Amino acid sequence: MPETKYKKTEDFNEWYNEIVELADLCDKRYPIKGMNVWRPYGWKLMSHVDKLTRDEMIKTDHQEVYFPLLIPESSFKKEEEHIEGFGSEVYWVTHAGLNKLEERWLLRPTSETAMYPMFSLWIRSHTDLPLKTYQIVNTFRYETKQTRAFIRVREIHFFEAHTCHVDFKDAEKQIKEDKDIAGRLFQKLCLPFILSKRPDWDKFAGAFYTISIDVLMPSGRTLQLGSIHQYRDNFAKPYEISYEAEDGKHKNCHQTTYGMSERILGALIGVHGDNKGLVMPPEVAPTQVVIIPIIFKGKEKTVLDSCDTLYEKLKNNGIRVHVDKRDITPGNKYYDWELKGVPLRIEIGPRDVEKKEIVLVRRDISEKKSVSLKSCVKIIKEEFRSISEDLYKNAEKFLKENMHRVKTVEEAKGLKGIIELPWCGKEDCAMEIENILEGNTLGEPIEHVECKNVCPVCGKPSKTWMRYAKTY
RNA sequence: GGGCCCGUAGGGUAGCUUGGUCGAUCCUUUUAGCUUUGGGAGCUAGAGACUCCAGUUCAAAUCUGGGCGGGCCCA
C-alpha cells in the first residue's frame with residue numbers, strides 16, 4: 001500500500017508539506033516568500049469553505065461588500081493601538097508610476113481602517129443600525145517568521161465581518177450570534193474547537209476584548225482559525241461613527257468583528273488527513289462521489305453507459321459527482337482520488353452491471369461494500385452523515401485526550417496539547433508559565449469554569465484558568 | 001536585528017571535498033504508438049536540468065566574488 005513518504009503521526013510538519021504539494025492545493029514556487037499560488041483543487045476547496053461561510057452570513061442578515069485593497073496612511077493612523085499592533089507588518093505603496101506619492105498607501109492587513117471612515121458616512125440614524133457587513137478578500141501581512149502553506153502566509157485569503165450597533169448590549173448579542181455561527185460552520189467542517197478569551201496583552205490591537213477560535217492539530221500545537229472581537233466604541237470614537245438616537249442625542253456606535261482565514265483549509269488537511277492524503281468532510285468536498293468505470297475489452301459500452309446513468313441520477317439528487325473516464329488503470333485512479341480526499345468512491349464493472357449493483361468505498365475507513373443500484377442514493381446520503389459524524393468524533397476524541405486541567409507547573413511539564421492552569425490574573429505569572437512550558441497563552445475559557453485553586457507561580461488565590469499551548 | 005545553510009529536467013536525486021572520464025546518474029514526470037484495465041501494468045521510440053552575472057583556468061556543475069531566490073536557528 002503506497003503511502004506518503006512522511007507519516008502523519010511521526011513527522012507531522014513534513015507530512016503536511018508533502019500533502020499540500022501532492023494534492024495540488026498550492027504551488028509554493030512563486031518567487032515571493034509566503035505568497036503561494038492557489039492551484040485549481042486548492043482554490044475549489046477554499047471556495048466551498050467560503051460558500052459555507054456565505055450561507056451563514058446570509059442566514060444571519062449580513063450584507064456582502066467589497067472595499068478597496070489600498071488604504072491611505074491618514075485613515076490607518078486614526079486609532080493608536082491599532083497602528084501599534086499592525087504598523088510593523090504592513091506593506092507600503094510609496095510610488096505611482098514615476099512619482100513619489102504625497103501620502104503613502106498601505107495594503108490592508110485587515111479592513112477596519114478602510115471601512116470605518118465610510119461607515120461614518122453611511123450611518124446617520126439609529127434606524128441604520130445594526131449595520132452588518134462582511135467581505136471575503138485578500139489581506140497582506142509582512143510575516144518575518146517561517147511561512148507555511150495556508151497556516152502562515154503573507155497574502156491571506158480572509159473573511160471579515162464588521163458590524164455596528166446602537167450600544168454595547170446590542171454588540172454583545174452579535175458576539176453571541178458569532179459564536180453560534182462558528183458552532184454551525186465548524187460542525188459542518190467536522191472541526192471541534194475551543195473558545196478562549198484572550199488576555200488583555202494579547203487581544204486584537206484596538207479591541208475591548210478578543211475571543212479566539214482554536215483547533216488542536218495532530219502535532220499538539222494549536223491553530224487559531226478565527227477571532228471574534230468586541231470593540232465597544234474604541235474605533236467609533238476616532239472614526240466618528242455615530243448616530244442620532246430616538247431622543248435626538250448623538251451617540252457612538254459599538255462595533256464587533258469576526259474574522260477567519262484560509263487556515264481553515266490548513267486545519268481540514270491536518271486534522272482529517274492520513275497517510276494516503278486528504279480526507280474531506282462531505283459538506284466541503286468539491287467532489288463528493290467519484291465513479292470509476294472498470295472497463296474490460298468488449299464490455300466498454302455497457303459499463304460506461306451504467307456510469308453515465310448513475311451520474312445523472314446522483315446529480316439530480318444534489319450530489320456532487322464525477323465520472324473518471326481517463327485512460328489510466330483503475331488502481332491509478334483510486335490513489336489519485338484518495339489523495340484528493342473524495343469521501344466516497346463507486347466502482348462499476350461488468351459484474352456489477354449484471355447484478356444491478358455498485359461497489360461503494362469509504363475514503364476515511366476504506367470500507368468496501370456492494371449496494372443495489374435501486375437504493376444507492378439513500379445509502380450514499382446516509383454514508384455522508386456517518387462519515388461526517390466519524391470525522392467529528394475522532395477529532396473530538398483527540399482534542400479531549402489532549403486537554404489537561406492541572407494545578408501545578410510540575411504536573412503540566414511534559415504534557416502535550418492544551419494545558420489549563422489556575423491563574424491569578426497577573427501578566428507576569430502567565431509569562432513565567434509561558435517560559436517554563438515553552439508555549440503561549442491562549443486565554444481563559446469563555447464559559448465560567450469554577451476554580452478554587454492558587455496561582456502556581458505567586459500562590460495567590462485564582463478564580464479562573466488560563467490555557468497554554470504551543471501554537472502555530 | 002544577529003548567525004548558519006542551500007540552489008542540477010515539472011518533482012525527488014547522484015556527481016562538487018581532490019576542476020578534465022559529464023556528450024551529467026537514477027527514480028518519477030511527460031509525448032506518440034501498440035497493448036492493457038476489479039489497487040500505481042508492459043513494450044518501442046522520443047522530450048526534459050547544472051539559478052544569474054563576473055572572475056580564476058588550457059579546461060568550471062565542481063574553485064572565488066556578487067546578485068536573485070529558498071530554508072533553518074537565535075533575539
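Here the structure is a predicted model, which is why all the values come from computation and not from measurement. Here is the naming used below: chain letters follow the sequence lines, and residue numbers restart at 1 for every chain.
For B:A41 and B:U28, the P atoms lie 11 Å apart once the distance is rounded to whole Å. Comparing the same atom, P, in B:A61 and in B:A49 gives a spacing of 15 Å after rounding to whole Å. Only the P atoms considered, B:U18 is 15 Å distant from B:G65, to the nearest whole Å. Nucleotides B:G15 and B:G19 are separated by 13 Å at their C1' atoms, to the nearest Å. When the C1' atom is used for both B:G1 and B:A54, the distance is 31 Å, rounded to whole Å. The separation of B:G70 from B:U31, taken at their P atoms, amounts to 30 Å, rounded to a whole angstrom. Taking atom C1' in both B:U57 and B:C63, one finds a spacing of 10 Å when rounded to whole Å. When the P atom is used for both B:G48 and B:U56, the distance is 33 Å, rounded to whole Å.
Of the candidates B:U37, B:G11, B:A41, the closest approach to any side-chain atom of A:Thr329 belongs to B:A41. Checking B:G38, B:A41, B:G39 against every side-chain atom of A:Tyr335, the shortest atom distance belongs to B:G39. Side chain of A:Lys368, nearest nucleotide from B:U36, B:G39, B:G38: B:G39.
Aromatic stacking of A:Tyr334 on B:G39: not satisfied for centres closer than 5.5 Å together with planes under 30 degrees.
Of the two residues contacting RNA chain B, namely A:Thr144 and A:Gly34, the nearest-nucleotide position lying further toward the 5' end is that of A:Gly34. The residue among A:Glu300 and A:Lys33 whose nearest nucleotide of RNA chain B is located toward the 5' end is A:Glu300.
Residue A:Arg362 forms a salt bridge (Lys or Arg N to Asp or Glu O under 4.0 Å) with just one option from A:Glu383, A:Glu338, A:Glu367, A:Glu382, and that option is A:Glu383.
For A:Asn332 and B:A41, the shortest distance from a side-chain N or O to OP1 or OP2 is below 4.0 Å. Checking the phosphate oxygens (OP1, OP2) of B:U36, a side-chain nitrogen or oxygen of A:Lys297 falls inside 4.0 Å.
At a cut-off of 3.5 angstrom, the base of B:G39 holds at least one donor-acceptor pair with the side chain of A:Glu338. The base of B:G40 has none of its N or O atoms less than 3.5 Å from a complementary donor or acceptor on the side chain of A:Asp336. The base of B:G39 sits within donor-acceptor range of the side chain of A:Arg345, with an N or O pair under 3.5 Å.
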Enumerate, atom names and distances included, each donor-acceptor pair closer than 3.5 Å involving a side-chain atom of residues 31-43 of chain A, sequence neighbours excluded.
from    : atom 1 : to       : atom 2 : distance (Å)
A:Arg39 : NH1    : A:Asp24  : OD1    : 2.5
A:Tyr41 : OH     : A:Lys340 : O      : 2.6

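For the pair A:Glu347 CD and B:G38 C1', the interatomic distance rounds to 6 Å; values are reported in whole Å. Across the protein-nucleic acid pair, A:Glu14 atom CD and B:G71 atom P stand 13 Å apart, rounded to whole Å. As a whole-Å value, the separation of A:Leu339 CG from B:G40 C1' is 12 Å. If you measure from atom NZ of A:Lys28 to atom C1' of B:G10, you get 16 Å, rounded to the nearest angstrom. Whole-Å rounding puts the A:Met35 CE to B:G70 C1' distance at 16 Å. If you measure from atom CG of A:Asp324 to atom C1' of B:G39, you get 14 Å, rounded to the nearest angstrom. One can place CZ of A:Arg148 at 15 Å from C1' of B:G70, the figure rounded to the nearest angstrom. Computed from coordinates, the A:Ile294 CD1 to B:G40 P distance equals 11 Å when rounded to whole Å.
With a 3.5 Å ceiling on both atom-pair distances, B:U37 lacks any Watson-Crick or G-U wobble partner. Pair check for B:U31 finds B:A45; Watson-Crick or G-U wobble, both atom distances under 3.5 Å. Base pairing of B:G1: its partner is B:C74, meeting the Watson-Crick or G-U wobble criterion (both donor-acceptor distances under 3.5 Å). Pairing for B:G7 goes to B:C68, judged as Watson-Crick or G-U wobble with the two contacts each under 3.5 Å. With a 3.5 Å ceiling on both atom-pair distances, B:U62 lacks any Watson-Crick or G-U wobble partner.
In this structure, A:Arg263 and A:Gln224 have side chains that are in contact, with non-hydrogen atoms separated by less than 4.5 Å.
At a threshold of 4.0 angstrom between heavy atoms, the contacts of A:Pro350 include nucleobase atoms, whether or not backbone atoms are also involved. Counting non-hydrogen atoms under 4.0 angstrom, A:Arg29 reaches the backbone sugars and phosphates but no base. Backbone-only engagement by A:Ile32 is indicated by non-hydrogen atom pairs under 4.0 Å involving sugar-phosphate atoms exclusively.
Between A:Phe204 and A:Phe86, the ring centre distance stays below 6.0 Å. Taking the six-membered ring wherever Trp is involved, the centroid distance between the rings of A:Phe193 and A:Phe186 falls below 6.0 Å. The six-membered or imidazole ring of A:Tyr258 lies away from that of A:His162, with a centre-to-centre distance of 6.0 Å or more.
Environment of NZ in A:Lys460: sparse, with no more than 12 heavy atoms of neighbouring residues, nucleotides or ligands closer than 6.0 Å. Residue A:Lys7 qualifies as enclosed at atom NZ: its count of foreign heavy atoms under 6.0 Å is above 12.
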